[in-house]
Amino acid sequence: MLGYVIRRLVLAVFVLWGVATAVFVIVRLVPADPALLIAGSDASPEQLAALRQKLGLDESILVQYGKFLGGAATGDFGDSFQQRVPAMDLIVQVLPNTALLAVLACVLALVLSFPLGLLASLRVNGPVDRTVTTGSLFTQALPNFWIGVVLLLVFSRELKWLPSVGLDNWKNLILPTIVLALPFVSVLTRMIRNGLLEVMGEGYIQTARAKGLSERIVIFPHAIRNAAIPVVTIVGLQFGTLLGGAAVTETVFTFPGIGRLLVTSLQERDYNVAQACVLVIAAVFVFINLVVDLTYGFLDPRVRLAK
């Protein structure tokens, strides 16, 4: 088990290094002068030169790359060009909001998908199964921004039941949570259904039934536990995706999260903040992936023995 953990940790470090390198290269390829963005178009050439020297932009690419990696390792991405505060301070302010939104979306998805997947597996090829499967496919095909706009028009503009933008109270979380959860429900429902159908045909399930155990005991302690192993992976991956993919939803609802901060920083060419957002999202995603891998290896010893 220790060797399995060490391999996963080393792989996680290499992934983060690759993401950091990609971000550094992409930002350097953008045709914009950070010094000009900070000083403004009225700055003199002398002022721009002094600012480039202060920012280290007059140094070689390798030196800039080394300083960037060192700063990223310590969480220092420089100051925001627009707000003149450390980039990480801005992220620390909004990251808990996105994390809360992602957690609520995951909880809602699990609460809805488990009973739906169970019902579909117990009524395979019946009306319930067909309805659940078709509904999940239809829901997954709908883009997030479209769902968000429709919910805003119905529940905020027409019915006036829920607020439309910001984060003033818990009601502001309802619509964004639903928008993020719906595609997740679609994926989980089909995975739980298919996992249960596969598990229910295994020999140990037939043995449990032959012993005279009730169907409820056969399904919950035996079938559900084994069918949940791949679900752990999907939940972990989807949670990381929610953190990074919440940008569209947060923009639609003007929700103060890291996704909206990333979009805003790109629009304003605030590259220090954009770099910090990308690397923080990547770090969270890699960490969750690592936890999922370790959990998966713990639940199924064959995984760590095969790697």
Side-chain angles (χ1 to χ4, degrees), residues 19 23 26-27 75 77 80-83 85-110 112 139-157 160-188 235-289:
V19 172
V23 170
I26 291 173
V27 169
F77 296 93
S80 166
F81 297 161
Q82 302 295 330
Q83 302 189 42
V85 297
M88 279 302 298
D89 288 357
L90 298 177
I91 293 178
V92 169
Q93 292 175 10
V94 299
L95 184 58
N97 298 335
T98 301
L100 175 61
L101 197 61
V103 169
L104 292 176
C106 279
V107 171
L108 179 61
L110 288 171
L112 294 177
T139 304
Q140 190 176 6
L142 297 176
N144 279 12
F145 71 87
W146 186 87
I147 299 175
V149 170
V150 170
L151 292 180
L152 279 175
L153 290 175
V154 174
F155 293 100
S156 296
R157 181 176 178 179
K160 302 186 186 304
W161 288 355
L162 297 170
S164 58
V165 297
L167 183 56
D168 298 324
N169 53 57
W170 62 271
K171 293 182 179 180
N172 292 96
L173 294 166
I174 295 177
L175 294 182
T177 298
I178 294 174
V179 172
L180 284 180
L182 283 179
F184 195 9
V185 171
S186 303
V187 174
L188 275 182
V235 170
L237 295 177
Q238 285 292 327
F239 184 80
T241 303
L242 289 176
L243 288 177
V248 174
T249 301
E250 291 177 355
T251 301
V252 169
F253 292 97
T254 319
F255 187 86
I258 192 172
R260 183 166 178 265
L261 178 63
L262 174 59
V263 172
T264 303
S265 62
L266 289 174
Q267 291 173 342
E268 297 176 349
R269 296 186 177 180
D270 199 344
Y271 298 127
N272 283 348
V273 178
Q275 289 178 147
C277 287
V278 172
L279 286 178
V280 168
I281 292 172
V284 173
F285 192 89
V286 169
F287 174 76
I288 294 174
N289 230 340

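Residue numbers start at 1 and run along the sequence shown. These numbers were taken from a predicted model, which means no experiment stands behind them.
- You'll find the side chain of Leu173 reaches within 4.5 Å of the side chain of Leu167, heavy atoms only.
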| task | Applying side chain to side chain contact (heavy atoms under 4.5 Å, CB included), run through Leu182 and Leu142 and close with a yes or a no. | result | CA-CA 9 Å; Leu182 283 179; Leu142 297 176; over 6 Å; no
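- Listed by chain and number, the residues in a side chain to side chain donor-acceptor pair (under 3.5 Å) with Thr251 amount to none (sequence neighbours excluded).
- The two residues Val278 and Val23 make their nearest non-hydrogen contact at CG1-CG2, 3.5 Å.
- For Asn97 (side chain) and Pro256 (main-chain N/O), a donor-acceptor pair under 3.5 Å exists by modelled atom type.
- With rounding to the nearest 0.5 Å, the separation of OG in Ser265 from CZ in Arg260 is 11.5 Å.
- Side-chain contact between Ser80 and Leu90 is present, with at least one heavy-atom pair separated by less than 4.5 Å.
- Glu250 places a side-chain N or O within 3.5 Å of a backbone atom of Gly259 that can act as its donor or acceptor partner.
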| message | side chain to side chain contact (heavy atoms under 4.5 Å, CB included) for Ile174 and Phe155? Distances and angles first, verdict last. | response | CA-CA 11 Å; Ile174 295 177; Phe155 293 100; over 6 Å; no
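- Annotation: side chain to side chain donor-acceptor pair (under 3.5 Å) contacts of Gln93 (sequence neighbours excluded): none.
- Closest approach of Leu279 and Val19 over heavy atoms only: CD2-CG1, 3.7 Å.
- In this structure, Phe77 and Ile91 have side chains that are not in contact, with every pair of non-hydrogen atoms separated by 4.5 Å or more.
- Note: Ile281 CD1 to Ile258 CD1 = 4.5 Å, rounded to the nearest 0.5 Å.
- From Asp270, atom CG reaches atom CD of Gln275 across 10.0 Å, with rounding to the nearest 0.5 Å.
- When every heavy atom of Asn144 is checked against every heavy atom of Pro183, the shortest pair comes out as OD1-CG, 3.4 Å.
- Interatomic distance, Thr177 OG1 to Phe253 CZ, rounded to the nearest 0.5 Å: 9.5 Å.
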| Worked check of side chain to side chain contact (heavy atoms under 4.5 Å, CB included) between Thr249 and Phe255 | CA-CA 8 Å; Thr249 301; Phe255 187 86; over 6 Å; no
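- The two residues Ala105 and Ala181 come nearest to each other via the heavy atoms O-CB, 3.6 Å.
- No side-chain heavy atom of Val185 sits under 4.5 Å from any side-chain heavy atom of Thr139.
- Heavy atoms only, all atoms of each residue included: Asn272 and Ala87 are closest at O-CB, 3.9 Å.
- When all heavy atoms of Val252 and Val149 are compared, the pair lying nearest together is CG1-N, 4.3 Å.
- A distance of 10.5 Å separates OG1 of Thr98 from CG of Leu262, quoted to the nearest 0.5 Å.
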